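Below: the structure, in structure tokens.
Quick caveat: nothing in here was measured; it's all calculated off a predicted structure. Every number for a ligand or one of its atoms is a count from 1 in the order of the listing.
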Amino acid sequence: MKIVDLKTHAVAVLVEAPLRHSTGVHPGYLVRTILELITDEGIVGLGEVGGGDQTGLFQKLKPRLIGEDPFHLERIKQKTLRQIYYISNPRAYAAIEIACLDIQGKAAGRPLCDMIGGRLHDEIPFNASLSYRYREGDLGGETTPEDMVAYAKQEVARCGFKSGKLKAGVLPPENDIAVLYAVREALGPEFGLRVDPNGFWSRGTAIRVAKELEDCKLEYLEDPTWGLEGMARVRERTSIPLATNMCVARFDDFAAGVAMNAVDIILSDIYYWEGIQGVKVLSGMCDAFRLGLGMHSGSELGITMAAMVHTASTLPNLTYSVDTLYHHMLDDVIVGGKMPFRNGCIAVPTGPGLGVELDPDRLARAEELFRERGDYYARFHEDTRRPGWFPINPGW
Ligand code: MG
């Protein structure tokens, strides 16, 4: 089998209300690039990547992919991730690998998870992203603990989530602390709760906040401060486990993270860790070093959601619910629209490959919205309600 063509689509999908984070705002919509790898046997593999419009990057890589066998992933990886100095990109490779594994599954008539070891679980629990939101129509506008409790309860009622994560660092730390205790009180001791200011607190603030949160029964503090050194020093001063998707976010970081005792839990990500097979390698490394394993979300649509669910289903040591922003989105580009949450979980698709297909009408609408709204990443930090504002680290 050979790859004979490649198609790309830059798409935008609306979110319910703009999501605030410590370095800016998701401006009411999310941009993804959809990849179609076409084979000489007529099988089409689907991939997806974030980070704005990546269509140009895939077109640059196209000559390196044409003629390759989609089963020969090690060779494709060397050609697209390792050897092109100026466009070396694990994110692009991850999207290509998703598409190749989709092709492999379709060729075998088996779900993608069967290409990577087979599933241990039939459904994967997800975690509600609880962001402070700007108001959009009747939605959003949350700032106070009361607002955030109402919002968390609504997400739990709507999707059945058993855990939630506060995207902190937007408002003063005292507000985040009050929100976390209020959510703990409202949703009870069994509700999984975590907080992520994206490294935006100073080391001193992080130590102080950790001390004040000792009685909140958090699953973990995620990137409370910047960098391996800061995380290692905070970790010495708290009993709350530290997680990261920032300071140990690629294979090159792993040895230093372990040597410095900087983290307890690594949040895997198909795009940071060189694809689905890279996440499998990371899973084994975390197991060997007795580190916890979670899974980070980078605002995925259905193709990546399916890839994440397939991957997660095969990981024996993934003991934390998977992050997601999917519940904020108003549509998807796959047939049937968004995959449903049931009791906070998404079922592992059982069809061949990823088990999801592109919906031509939804894809066309999402491409049109991208043309109207423009590239998301160019405006990633822009906060139109605070003209001229930009993040300074540490923020608190
Ligand atoms: Mg994070």
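- Within E222, the N/O/S atom positioned nearest the Mg ion (ligand 1) carries the name OE2.
- Using a cut-off of 2.8 Å, one finds that T244 contributes no N/O/S atom close to the Mg ion (ligand 1).
- Side-chain N or O atoms of T205 include none that pairs as donor or acceptor with a backbone N or O of W201 at under 3.5 Å.
- Note on E219 versus K165: no salt bridge recorded, every NZ/NE/NH1/NH2 to OD/OE distance being 4.0 Å or above.
- Centroid-to-centroid, the aromatic rings of F161 and F191 stay 6.0 Å apart or farther.
- Looking at D196 and the Mg ion (ligand 1) together, the shortest N, O or S contact belongs to OD2.
- A distance-only check finds a donor-acceptor pair linking the side chain of D253 to the backbone of R250 [under 3.5 Å].
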